[in-house]
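Below: one structure, written as structure tokens.
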Amino acid sequence: FRQKSFAAPTPIQAQAIPSVLMMRDLIGIAQTGTGKTASFVLPMIDVLAHGRRRALMPRSLILEPTRELAQQVEEALKSYSKYLDTRIGVVYGGVKYGRQRDMLEKGVDILVATPGRLLDHIGQKTISLKNVQVLILDEVDRMLDMGFLPDVSRLIKMCPCLLYTSPSP
């Protein structure tokens with residue numbers, strides 16, 4: 001927390017972090033700017049500190065409703081895991097598959113993705129979710145409002161893991 005100038009955890013962080021560390025399912029609801037991203041990213045990084053990455057099989061998956069949110073969470077992850085050997089990847093639509101495919105082949109510990117593009121990669125067999133230990137549905141209510149319920153349901157069934165949902169404020 002000191003690296004990021006956090007004096008103390010926010011209420012959402014104080015409640016969520018212990019649950020994620022104990023690998024318990026949870027739903028977290030908090031206003032924008034209260035540290036929701038840190039509440040799931042920090043303990044997830046700790047959980048993943050034990051284990052090894054494998055090509056095509058991320059150990060943690062964060063689903064986001066939009067490319068912009070996926071990019072924001074990717075930046076937060078890179079910042080929080082700056083001094084760790086944690087490989088982070090992001091996949092979303094609107095860009096070519098080549099770089100994303102190359103990144104997945106090298107292996108990622110944490111994958112941030114939009115549902116549609118992730119299902120495209122699964123269909124192309126460039127990724128498998130069978131090793132996902134932590135699944136986070138960030139702004140899940142927004143994803144559902146955008147019509148992603150069938151895609152999100154399919155993805156959840158592919159992941160044998162902890163689930164953290166974060167509705168938008």
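Counting heavy atoms from C-beta on, the side chains of Val112 and Leu77 come closer than 4.5 Å. Counting heavy atoms from C-beta on, the side chains of Asp46 and Leu21 come closer than 4.5 Å. Inter-residue side-chain proximity for Leu135 and Leu137 is flagged as met; some heavy-atom pair is nearer than 4.5 Å. You'll find the side chain of Ser60 stays beyond 4.5 Å of the side chain of Leu111, heavy atoms only. Side-chain contact between Val90 and Val73: absent, with no pair of heavy atoms (C-beta onward) separated by less than 4.5 Å. Proximity of Ser79 to Glu75: side-chain heavy atoms (C-beta onward) are nowhere separated by under 4.5 Å. In this structure the side chain of Leu63 never reaches within 4.5 angstrom of the side chain of Phe148, judged on heavy atoms. Considering only heavy atoms from C-beta on, Arg117 stays 4.5 Å or farther from Arg67 through its side chain.
Between Asp138 and Pro65, the closest heavy-atom pair is O-CD, 3.5 Å. Nearest heavy atom pair, residue Ala113 against residue Leu61, reads CB-CD1, 4.2 Å. When all heavy atoms are compared, the tightest approach of Leu48 to Arg59 is O-NH2, 2.9 Å. Scanning all heavy atoms of the two residues, the minimum distance from Ala14 to Pro9 falls at N-CB, 4.0 Å. When all heavy atoms of Val134 and Val132 are compared, the closest pair comes out as O-CG1, 3.3 Å. Of all heavy-atom pairs spanning Thr32 and Lys36, the tightest one is N-NZ, 4.3 Å.
Between the side chain of Ser81 and the main chain of Leu84, no donor-acceptor pair closer than 3.5 Å is present. Using a distance-only test at 3.5 Å, with no hydrogens or angles considered, a donor-acceptor pair links the side chain of Asp109 to the main chain of Arg87. For Thr126 (side chain) and His121 (main-chain N/O), a donor-acceptor pair under 3.5 Å exists by modelled atom type. Under a 3.5 Å cut-off, the side chain of Thr10 and the backbone N or O of Thr34 do form a donor-acceptor pair. With Thr114 contributing its side chain and Gly116 its backbone, the two residues share no donor-acceptor pair below 3.5 Å.
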Evaluate the criterion side chain to side chain contact (heavy atoms under 4.5 Å, CB included) for residue pair Ile122 and Gln124; output intermediate values, then yes/no. CA-CA 5 Å; Ile122 291 168; Gln124 293 178 22; over 6 Å; no
Between Lys78 and Thr86, does a side chain to side chain contact (heavy atoms under 4.5 Å, CB included) hold up when you go through it step by step? CA-CA 9 Å; Lys78 286 179 178 177; Thr86 304; over 6 Å; no
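Using modelled atom types and a 3.5 Å distance limit, the side chains of Gln71 and Tyr92 yield a donor-acceptor pair.
Taken together through direct or relayed side-chain contacts under 4.5 Å among Ile, Leu, Val, Met, Phe, Trp and Tyr, Val20 and Met22 form parts of separate hydrophobic clusters. A continuous path of hydrophobic side-chain contacts links Met23 to Ile110 [ILVMFWY only; heavy atoms under 4.5 Å]. Residue Leu104 is not grouped with residue Tyr97 when hydrophobic side chains (ILVMFWY) are merged at heavy-atom distances under 4.5 angstrom, including chains of intermediate members.
Taking the charged nitrogens against the carboxylate oxygens, Glu105 and Arg101 have no contact shorter than 4.0 Å, which rules out a salt bridge.
Rounded to the nearest 0.5 angstrom, Gln13 CD and Thr37 OG1 are separated by 9.5 Å. Once rounded to the nearest 0.5 Å, the distance linking OH of Tyr80 with CD1 of Ile45 reads 9.0 Å. To the nearest 0.5 Å, the span separating CG on Leu118 from CZ on Arg154 amounts to 9.5 Å. Rounded to the nearest 0.5 angstrom, Leu155 CG and Leu119 CG are separated by 4.0 Å. Put simply, CE on Met146 and CD on Glu139 are 10.0 Å apart, with the number rounded to the nearest 0.5 Å. In this structure, the separation between OG on Ser128 and CG on Asn131 is 6.5 Å, given to the nearest 0.5 Å.
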